[in-house]
Each structure stands twice: as C-alpha cells, then as structure tokens.
Amino acid sequence: MSSFQIADAVLSSRFFLGTAGYPSPQVLADAIAASGAEVVTVGLRRQLASASGDNGFIGIIRASGARLLPNTAGCRSAREAVTLAHMARELLGTNWIKLEVVGDEQTLQPDPFELLDAASQLVKDGFEVFPYCTDDLVSCQRLLDAGCRILMPWGAPIGSGQGLINPWALRTLRARLPGVPLVVDAGIGAPSHAAQAMELGFDAVLLNSAVAQSADPVKMARAFGLAIEAGRLGFEAGLLAPQDMAVASTPVTGRPFVL
C-alpha cells in the first residue's frame, strides 16, 4: 500500500487503532502487531482515572513502534478539552491530539461550537489537532479555517457498528476537500465498512470497539488491516462505475471468436 503524509509523519499503514476495552495488555499488543497500525489512540482521561495507574499500558504502545495519538474523550466543553490536551502533551511528549468534545449524551455527537473553540485555541498553542467531527461540510470547513490540517468525520455514532450511515455526505467531503487528510472515525463495525470508506478515497480509518470487543481481537485486527489495504488499492486502481443497465463484459457482436 502506498505511503501517505499526515501532519509531520509519513505512514505506510492507513489503519489507526484505538486501545480501549481489550481483554488483556497482551491481547492489545498482539492486536496492534496484527493490524499493522502505526498510529494508536489512547484516552488520557481513562488512564488518569485508572486505579492501577499506567500499569505498563503506554509502554506496550511505545514498544509496538506506533505513534501515540492521545484523545480528549469524555470532555463536554472546550475549556475541559484544552486543559486535557495540555496534560497529554506534558505527560506523553507529543503535540498530536485527537480532539473530542461531545455535545449529546445519547449519540455522543460532537458539539460543533465547543469543538471549534477548542480547536482554535489548541492550534494557537502549537498542537496538531485531529478533530473528531460530524460529516457536515460547513462545520469541517470552519475547522480548517481555524488551522486544523486533518479532519476525522464520523461514519456513525461511536461504538454503534452501523458503518457509513451517510455515504453521500462523506463522498461530498472528499470531493470538496481534495487536499485535506480525512480519517473516518467512529461507527465502523465490520471490515467491509472500513473497505467502503477507503473506496470513497478517505486517507485512513480509525476504529476501536469492532476489534477490542470481538471474540478474537487479534484476528479481527488483521481482518481490518487487510480490508483497509484492499479498499485503498481499489480506490487507487479505479473502481468500476455503477451502470443502470447491463454491460457485457465480453462483447461479441461484430467480432470473430474461436470456440
């Protein structure tokens, strides 16, 4: 699979993997290895709240060679997210931050206003902001205007496993923002969903629950890795355009052929 640049990094894997909910640290380590992921997300709030402390969790991720992408999961305001982002940079030594500011408790939909406020401040503070956002084009454009260089629109609500509920909106984002790295984040439930995202021309896919909560996270991580690679290769090769009518794959009219 071809390499691509996102922020200041050149990556060969287009699979971003979350780290929550695995049955054991060893399964997590094995899943990262099987996935081929080079970017791994970690929830700082969850780590700080853990009664067992670090427990080698960050060490496992660093040993994998993957780049850390801390996130502000659980934040409900721009102020809270900015504070947590600064803590992440101090503790983990990275200016990358996956910015999450949730506005609705049922859908866990991002709050577009608080998200924009937080993104604007964090860009000024020297962060490389990866905003988790909806697939609304205007909201995405405002985040770019604020200085974000990457966008992470959702495929569906977090953990829902519904896949891409609005392919038209995602296709529109890709068409209207051709030079912007776009990562489908949230709602992916099956390898086929990830392949579909890549076939639309997205640069990467981020997911967590579909791997961590499967019966065999290591095998599922590999399945997603292969699906993401296949989807990207299909996009690069050029997918067959859908037709309203049948089109013969072997035209014979007016042509000699040998039986």
Side-chain angles (χ1 to χ4, degrees), residues 1 6 11 13-43 45-47 57 60-61 64 66-74 98 100 102 106-110 130-135 150-167 169-170 173 181-235:
M1 184 160 46
I6 193 162
L11 305 173
S13 172
R14 296 174 182 270
F15 189 178
F16 293 11
L17 185 62
T19 57
Y22 287 81
S24 73
Q26 186 59 55
V27 171
L28 170 60
D30 292 343
I32 294 173
S35 72
E38 295 175 326
V39 175
V40 174
T41 64
V42 56
R45 180 182 292 276
R46 176 170 55 85
Q47 286 302 109
F57 180 82
I60 289 171
I61 298 173
S64 73
R67 180 182 284 261
L68 281 168
L69 177 59
N71 68 51
T72 62
K98 180 190 170 188
E100 298 183 36
V102 169
Q106 291 295 318
T107 64
L108 300 181
Q109 180 172 326
F130 293 63
Y132 165 60
C133 53
T134 66
D135 51 19
I150 301 115
L151 297 173
M152 305 185 78
W154 68 353
I158 293 173
S160 69
Q162 296 181 62
L164 309 185
I165 59 174
N166 194 345
L170 294 174
L173 282 183
L182 298 177
V183 182
V184 171
D185 177 16
I188 299 294
S192 57
H193 300 158
Q196 182 186 9
M198 301 307 294
E199 289 170 357
L200 290 176
F202 279 73
D203 296 279
V205 171
L206 191 156
L207 60 95
N208 186 169
S209 301
V211 170
Q213 297 178 18
S214 68
D216 188 335
V218 178
K219 185 176 292 185
M220 187 63 78
R222 176 161 168 72
F224 270 104
L226 293 171
I228 289 167
E229 182 174 0
R232 181 64 190 187
L233 287 173
F235 171 76

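Just the heavy atoms: all of them, side chains too, but no hydrogens, waters or symmetry mates, feed the values below.
Pairs engaging residues 185-198 under the salt bridge (Lys or Arg N to Asp or Glu O under 4.0 Å) rule: Lys98-Asp185 [sequence neighbours left out]. Pairs of residues two or more places apart, or lying in two chains, never qualify as side chain to side chain donor-acceptor pair (under 3.5 Å) while including a residue from residues 215-224.
Taking CG of Leu69 as the start and CG of Leu206 as the end, the distance is 7.0 Å to the nearest 0.5 Å. Note that CZ of Phe16 is 5.5 Å distant from CG of Leu11, once rounded to the nearest 0.5 Å.
By the side-chain contact (heavy atoms from CB on, under 4.5 Å) test, Ser209 is found to be paired with Gln213, residues two or more places apart in sequence or in another chain being considered. Among residues two or more places apart in sequence or in another chain, the side-chain hydrogen bond (donor to acceptor under 3.5 Å, both in side chains) test is passed with Ser214 by none. With sequence neighbours excluded, the residues forming a side-chain contact (heavy atoms from CB on, under 4.5 Å) with Val102 are Arg76, Leu108, listed by chain and number. Listed by chain and residue number, nothing satisfies the side-chain contact (heavy atoms from CB on, under 4.5 Å) test with Ala33 (two or more places apart in sequence, or in another chain). In this structure Phe130 satisfies the ring-ring contact (aromatic ring centres under 6.0 Å, His included) test together with Trp96, sequence neighbours excluded. Annotation: side-chain hydrogen bond (donor to acceptor under 3.5 Å, both in side chains) contacts of Asp30 (sequence neighbours excluded): Gln26. For the side-chain contact (heavy atoms from CB on, under 4.5 Å) test, residues two or more places apart in sequence or in another chain that qualify with Ala210 are Leu207, Phe224.
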For residues 190-199, which side-chain donor-acceptor pairs fall under 3.5 Å, sequence neighbours excluded?
residue, atom, partner, partner atom, Å
His193, ND1, Gly189, N, 3.0
His193, ND1, Ala190, N, 3.1

